[in-house]
K.L.:
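Before anything else, here's the structure in question.
Keep in mind the model is a prediction, meaning the values are calculated, not measured. Quick note on labels: first sequence line is chain A, next is B, and so on, each numbered from 1. Computed from heavy atoms alone, side chains included, the values below leave out hydrogens, waters and symmetry copies.
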Amino acid sequence: MDAFFAAVEQRDNPELRGKPMAVGGKDKVRGVIATASYEARRYRVTSAMSTRIAKKKCPRLIIVPPRFGVYKKISQQIRDIFYEYTDLVEPLSLDEAYLDVTENKRGIESAIQIARDIKEIIKAETQLTASAGISYNKFLAKVASDYHKPDGLTAILPENAQRFLDNLDITEFHGVGKATARKMERMKIFKGADLKNYTKSELGMHFGKMGAQFYDIVRGIDERPVDPDRKRKSISVENTFRDDITDTHEMIQELKSLSVKVAETLQKMEIKGRTVNIKVRLPDFTTFTRSKTYKDFSNDGPLIETTAVELFQNLDQEVTGVRLLGVGMSNLDNQDEPKTRQMDLGF
Amino acid sequence: MKFSVSSSELLKNLQVASGAIGSNPVLPILEDFLFGVKENVLTIRATNLETTIVTEMNVNADTDGSVAVPAKILLDTLKALPDQPITFALNDDNRAIELTSAFGKYKLAGEGPEDFPELPEEEDTNSITINTEILSKAINKTLFATSNDELRLAMTGVFVQIDFNKIIFVATDAHKLIKYTFGNISSDQAASFIIPKKAMTLLKNAISRKEDVELSYNKTNAFFNFGETKIICRLIDAKYPDYNAVIPVDNPNDMLIGRNDFQKSLTRINIYANKTTNQVILNINDGSLTISAQDLDFSNEATEQLPCNYTGEPMNIGFNAKFMIEMLNVIESDEVKLEMSTPSRAGILLPTEEEENEQLLMLVMPVMMSH
């Protein structure tokens, strides 16, 4: 969906239409932009930007608080449209999904035709626009969907894929964040074509497991299937504070209440995990994450709580203030890949 | 208090006692040895409140007395001296200790003996005598299987069960279990208690092959007496799991195999196993064992085939190779027997030959694929 949250707000409130606006936190100190309207994007307001900076870039920017309930309802509406065509739908977030339409319920041969149909139905039912990307693997489809926005439709055909990938900025590659991009620049990798100057083992050496993936995707190889029941890999809850917390006691209280929420979520989903994670962001945005892995799966509140507090207290860094705290659980037992497990004597 | 003694003899005794000194004691005085001299005998004591070691040695004493001596500085001094007679003199007024060697004088500050923790009272005890060799065997065979999980305190120690004329040592970490039985002691008692792993380790290092060990125990402590040394430990106050209940009785599938070959093969295959689970697969058919492992994360895999004697249904079972290797390590017979029932139930590893009156049983749970 194009500028999803922002588009929904503009749809429901005519006064916001045609104006630079964003959905996010209003607070000038703590607020963060979730989604900016296209009008606001012209001022280089982007998501995850702090409201303070966004306001600086665009003083007329209107900030609207999010209405997640409404977004979820629309998200379900859109998913129902997808299911009219295929059951192989892998949602990535509220407003993004992969669809495998190789075989589809309507027997339509052209994937481009299906994309057109879906866009049209979405527009008619929700008055919102979506952008579609079509190709023969997930990576290319995703890149294609980002290529023309809003209301775009891009197909990357097999015969064009290589040229497209050669010219693609490396920052567009899945898994290339700021740090990797900097590293790649030092290696004189700017475009997809530059990636091809390195062997699989060289890329593996520099970028670990992701390296091998870069090697494949730049050659148009991405064998990941569209997985309709992709499982959550982790559950986490975090909180950005209106004012930095400076009292250690209060930080620990906060970690405890986050732990309780993580445990409740896990229990509701009937899953357990083995790795407890914490995230600590200092007022200067330096962020630490720490984790501890247990032998056994658990979703026990007190265990998550004690572990989170212990991880926090063992930080090799004096924490005099925090901007954000988070607690999470990963290594969940809902994963489908076979897990080998040391069995217990039943004491 | 003033005495002279051989520096190396003193060091040897202090090193035995120092095992009881913890790395981060809760009280400063626990960083000290307690010295007491009486009638030409020096008694050295060290404790971490849970375990206490007391040892005695002969010295040439001019005067009797007692004092707490900082352990580290004294040990370091003695280690740095070549063997020679040294004198140890205490100034009773200010507790200053003066050591004299052939090279010079060293002063250190002692502390009051009255501040040193009292010895646990040896009251209401029963006692048995155990052959040193047997005790040392029992510790070697069980200690490695104890758990480090402080949440299950009972399993962090070795369970000792005295059952009239036999004594049983059990250790488990809930994945593997070792039971070592010695059936030839003279006792008229039935009792059981859990000895902390730390005390067992100290005991293992301190016992010499010479004397038998007298083990006394009451509800709270165990007292091991041997020669000039005594190790006292507080028992773990927890209920030991009902280990007999988890030992499967009906194991129709038996494999007999050479211990050494089996262990070496496991060691090689384990190099290719997943590092977290150490899972190796034993595929057993009539007369042949195939051991294999793979680590999907690194695309590593390995397979070996060994001859064995097998009776039972063809079996495909996964085990933690590290556990297996540790267990095979403490078996003495050339051939071992692995008894199994199903791939999800415990395997039992046994020696095929044993000394009279001895029985060793090891249990290990499989590593299974779940989902």
Side-chain angles (χ1 to χ4, degrees), chain A residues 199-201 203-205 207-213 215-216 223-224 227 229-233 269-276 291-307 309-310 313-314 330-347, chain B residues 145 147-149 151-152 154-155 159 170-179 238-248 273-281 293-299 317-323 342-348 362-371:
Chain A
T199 64
K200 199 169 199 165
S201 59
L203 290 176
M205 219 165 63
F207 305 106
K209 275 186 194 171
M210 289 305 293
Q213 230 182 77
Y215 181 90
D216 285 340
E223 305 283 355
R224 292 173 299 157
D227 182 356
D229 39 35
R230 207 170 69 104
K231 302 281 167 60
R232 290 284 294 266
K233 287 223 151 88
M269 296 172 74
E270 294 187 326
I271 51 182
K272 294 178 177 184
R274 290 197 303 133
T275 305
V276 178
S291 68
K292 179 171 177 175
T293 300
Y294 288 93
K295 261 195 287 182
D296 296 314
F297 291 100
S298 170
N299 55 17
D300 177 48
L303 176 95
I304 299 173
E305 205 174 295
T306 23
T307 313
V309 172
E310 181 191 314
Q313 285 170 339
N314 289 344
S330 55
N331 256 325
L332 304 178
D333 66 355
N334 65 340
Q335 303 299 311
D336 274 338
E337 61 257 43
K339 275 257 178 331
T340 46
R341 210 175 87 77
Q342 170 68 55
M343 300 186 66
D344 282 335
L345 292 159
F347 293 137
Chain B
S147 164
N148 292 317
D149 184 355
L151 291 176
R152 304 193 68 178
M155 301 196 309
F159 185 56
V170 181
T172 183
D173 61 0
H175 301 310
K176 53 187 182 290
L177 181 143
I178 317 293
K179 177 184 179 188
K239 191 176 177 300
Y240 205 74
D242 181 9
Y243 68 90
N244 276 315
V246 299
I247 303 177
N274 178 290
K275 293 290 165 283
T276 354
T277 62
N278 291 298
Q279 188 197 38
V280 295
I281 307 288
Q294 57 176 338
D295 189 346
L296 293 172
D297 293 346
F298 298 94
S299 305
I317 188 167
F319 284 114
N320 178 324
K322 211 169 133 250
F323 291 170
T342 71
S344 61
R345 301 201 63 205
I348 299 181
M362 309 200 188
L363 202 68
V364 60
M365 286 304 284
V367 177
M368 286 255 299
M369 297 277 247
S370 57
H371 294 294

K.L.:
Are any of the side-chain nitrogens in Lys272(A) or Asp296(A) under 4.0 Å away from the carboxylate oxygens of its partner?
P.N.:
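Salt bridge between Lys272(A) and Asp296(A), a charged N being under 4.0 Å from a carboxylate O: no.
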K.L.:
When Lys179(B) is tested against each of Thr172(B), Leu363(B), Asn244(B) for side chain to side chain contact (heavy atoms under 4.5 Å, CB included), which residue passes?
P.N.:
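Testing Lys179(B) for a side chain to side chain contact (heavy atoms under 4.5 Å, CB included) against Thr172(B), Leu363(B), Asn244(B) leaves exactly one candidate, Asn244(B).
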K.L.:
Would you indicate whether the side-chain heavy atoms of Asn331(A) and Thr293(A) approach each other to under 4.5 Å?
P.N.:
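In short, these two side chains touch, coming nearer than 4.5 Å.
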K.L.:
Counting heavy-atom pairs closer than 4.5 Å to chain A, which one of Val364(B), Val367(B), Asn320(B) comes out on top?
P.N.:
Val367(B)
K.L.:
Is Arg152(B) close to chain A through its backbone or its side chain, or both, or neither, when contacts mean heavy atoms under 4.5 Å?
P.N.:
side chain
K.L.:
Heavy-atom distance under 4.5 Å to chain A: side chain of Phe323(B), backbone, both or neither?
P.N.:
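Interface part for Phe323(B): side chain.
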K.L.:
Tell me whether the rings of Phe159(B) and Tyr240(B) are parallel (<30°), tilted (30 to 60°) or perpendicular (>60°).
P.N.:
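Parallel: the ring planes of Phe159(B) and Tyr240(B) meet at under 30°.
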K.L.:
List the residues meeting ring-ring contact (aromatic ring centres under 6.0 Å, His included) with Phe207(A), not counting sequence neighbours, and say none if there are none.
P.N.:
Phe214(A)
K.L.:
Which one of Gly318(B), Ala245(B), Ala174(B) has the most heavy-atom pairs closer than 4.5 Å to chain A?
P.N.:
Ala174(B)
K.L.:
Quick check for you: among Val246(B), Thr277(B), Leu177(B), which has the greatest number of heavy-atom pairs under 4.5 Å with chain A?
P.N.:
Val246(B)
